[in-house]
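Any value given below was found using the heavy atoms of this structure, including those in side chains, with hydrogens, waters and symmetry copies removed.
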Amino acid sequence: MRTPTLLLAASLGLVLSSHAFASDRPDPGKLTTRCLDAARKKFDVKNDYIQLQPVQPADAGYTIAGVADAGMDGKKGFTCQFDKKGKLANLVPESK
């Protein structure tokens, strides 16, 4: 009778700890919004002229690749870099 109770308690502990770990990940929608805002300011274009790829995990956190259509200045590739907590660390323009 004691063994099933211990197994149940251990299972519950694993479920709760895995839920806490999963909630530590930043919301992909918020990362996308932060990247979009940074690119809009950097390239001085409207959001409609920015295309973003999905959020990708990276060693230091997360990245989002994108392209801003700056009209006569051409298309500008860039990468938004985020730390593991979801804070925008850097917007890196693509060098040509």
Side-chain angles (χ1 to χ4, degrees):
M1 189 84 160
R2 189 173 179 107
T3 302
T5 304
L6 289 174
L7 284 173
L8 179 62
S11 297
L12 183 59
L14 286 173
V15 168
L16 291 176
S17 66
S18 67
H19 182 270
F21 178 74
S23 66
D24 287 346
R25 287 187 231 148
D27 176 14
K30 289 182 181 179
L31 297 181
T32 300
T33 300
R34 289 181 191 133
C35 184
L36 194 62
D37 289 344
R40 179 179 47 81
K41 291 175 187 172
K42 172 81 175 167
F43 300 109
D44 193 28
V45 297
K46 294 180 181 179
N47 290 354
D48 293 344
Y49 296 101
I50 300 170
Q51 295 178 340
L52 298 177
Q53 298 297 315
V55 177
Q56 297 295 317
D59 291 338
Y62 304 91
T63 62
I64 300 176
V67 176
D69 186 345
M72 292 181 67
D73 292 335
K75 293 187 179 189
K76 309 287 184 177
F78 63 90
T79 302
C80 292
Q81 299 173 339
F82 297 89
D83 65 16
K84 291 183 188 268
K85 293 183 179 181
K87 181 181 176 191
L88 180 64
N90 206 0
L91 186 146
V92 181
E94 190 178 273
S95 58
K96 290 194 175 198

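Legend: disulfide (SG to SG under 2.5 Å) pairs involving residues 36-93, not counting sequence neighbours, sorted by first then second residue: Cys35-Cys80. A ring pair (Phe, Tyr, Trp, His ring centres under 6.0 Å) check over residues 49-77, counting only residues at least two apart or in different chains, returns nothing. Sequence neighbours left out, not one pair with a member in residues 47-70 passes salt bridge (Lys or Arg N to Asp or Glu O under 4.0 Å). Within the structure, salt bridge (Lys or Arg N to Asp or Glu O under 4.0 Å) pairs that include any residue of residues 34-45 comprise Asp37-Arg40 (at least two apart or interchain). Judged as a disulfide (SG to SG under 2.5 Å), not a single pair has a partner in residues 41-78 (not counting sequence neighbours).
With hydrogens and angles disregarded, a donor-acceptor distance shorter than 3.5 Å links the side chain of Asp83 to the backbone of Lys85.
With sequence neighbours excluded, the residues satisfying ring pair (Phe, Tyr, Trp, His ring centres under 6.0 Å) with Phe78 are Phe43. With sequence neighbours left out, the side-chain contact (heavy atoms from CB on, under 4.5 Å) criterion links Asp27 to Lys30. Every residue two or more places apart in sequence or in another chain was checked for a side-chain contact (heavy atoms from CB on, under 4.5 Å) with Ala60, and none qualifies. For the side-chain contact (heavy atoms from CB on, under 4.5 Å) test, residues two or more places apart in sequence or in another chain that qualify with Thr32 are Leu52, Val55, Ile64.
Here the OG1-CD distance, from Thr79 to Gln56, works out to 11.0 Å after rounding to the nearest 0.5 Å. Taking CD of Glu94 as the reference point, atom NZ of Lys75 lies at 12.5 Å (rounded to 0.5 Å). To the nearest 0.5 Å, atoms CG (Leu31) and OG1 (Thr33) are separated by 8.5 Å.
Nearest approach of Ala68 to Val45, heavy atoms of both residues: CB-CG2, 4.3 Å.
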